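Here is how names work: the chains are called A, B, and so on, in the same order as the sequence lines, proteins then strands, and each is numbered from 1. Computed from a predicted model, the values in this text were never measured in an experiment.
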Amino acid sequence: EPAEEDHDEL
Amino acid sequence: MNIFRLLGDLSHLLAIIILLLKIWNSRSCAGISGRSQFLFAIVFTARYLDLFFTFISLYNTVMKIVFLATSYGTLYLMYIKFKATYDSNHDTFRIEFLILPAIALALLINEEFTVIEILWTFSIYLESVAILPQLFMVSKTGEAESITSHYLFALGSYRALYILNWIYRWFLTEKLNAIAIVAGIVQTILYCDFFYLYLTKVLKGKKLQLPA
C-alpha cells in the first residue's frame with residue numbers, strides 16, 4: 001500500500 | 001523546505017507578478033498567450049484542491065491561495081478587462097492536444113488511483129507543457145517584449161530550481177516523487193532554447209527574436 005502521497009511541494 | 005525550493009517558489013511568484021504588472025501597467029496583453037494562462041489556471045485548480053482539507057504549513061496554504069488568485073486574476077485581465085488587446089490571431093496552439101494526453105497519462109501512470117492523486121498527477125503533466133502555447137506564440141510573432149522574456153525566464157527558472165531542490169532532497173534521502181521529477185525535467189528542457197536566447201540576447205539589451 002503506497003504511503004499516503006502527501007505533496008508538500010507547491 | 002530548502003533554499004532551492006524557496007528560490008523556485010519565489011521565482012514562480014515573481015514571474016506571475018511580472019506578468020500581472022505588465023498587463024496592468026501597459027493595459028494590454030499583446031504578445032501574451034491566453035491559452036497558456038488558461039492551462040496554468042487549470043494546473044493550479046487541479047493541484048490545489050487539497051487546499052481545503054489538508055494543512056501542510058502556513059506558507060503552503062498562503063502560496064496556493066496567491067497562485068490561484070493571481071492566475072484567475074490574469075485570466076480576468078486577459079479575457080475580460082483588456083480583451084480588446086488580446087492577440088487571438090497568434091494565440092492558436094491547440095491546447096486540447098495538451099489537455100487530453102495529460103488526462104490519459106494521469107489515468108495510466110500515477111502513484112495512487114484516487115481522485116485527488118489523479119488530479120494532482122494530471123496537473124503535473126499539464127504544467128510540464130503548459131508554456132507551449134506561449135512559446136509557440138512568441139515564435140509565430142517572431143519576437144517578444146523584453147518584459148515578456150523576463151517573465152518567461154523567471155517562469156522557466158522556477159522548475160529548474162525545483163530540479164536542484166530534488167537533487168538536494170535526494171542527497172538527504174528524503175522521499176521523492178518520480179512523476180514530478182520527470183515532468184519537471186521535460187518542462188525545463190522546453191525552455192532551453194529560450195534560456196539560450198535570453199542569456200545571449202536579452203541580457204545584452206537586444207530584442208528577443210525567436211526563429212519563426
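Considering every non-hydrogen atom in both N177(B) and H7(A), the closest pair reads ND2-CE1, 3.7 Å. Across L10(A) and F67(B), no two heavy atoms sit closer than the pair CD1-CE1, 3.9 Å.
Side-chain contact annotation: E9(A) with N165(B), donor-acceptor N/O pair under 3.5 Å present.
At a 4.5 Å heavy-atom cutoff, the contact between N60(B) and chain A is made by backbone and side-chain atoms alike. Looking at Y59(B), the atoms closer than 4.5 Å to chain A (heavy atoms on both sides) all sit in the side chain, from C-beta outward.
Of all the listed residues (K64(B), M1(B), R169(B)), the one sharing the greatest number of non-hydrogen pairs under 4.5 Å with chain A is R169(B).
For OH of Y168(B), the number of neighbouring non-hydrogen atoms (other residues, nucleotides, ligands) closer than 6.0 Å is 12 at most. For F93(B), the CZ atom counts as densely surrounded, since its 6.0 Å shell holds more than 12 non-hydrogen atoms of other residues, nucleotides or ligands. The 12-atom threshold is exceeded at CZ of F53(B), counting heavy atoms of other residues, nucleotides or ligands nearer than 6.0 Å. Within a 6.0 Å sphere centred on CZ of F55(B), other residues, nucleotides and ligands contribute more than 12 heavy atoms.
Atoms CZ and CG, on R5(B) and D8(A) in that order, are 5.0 Å from each other to the nearest 0.5 Å.
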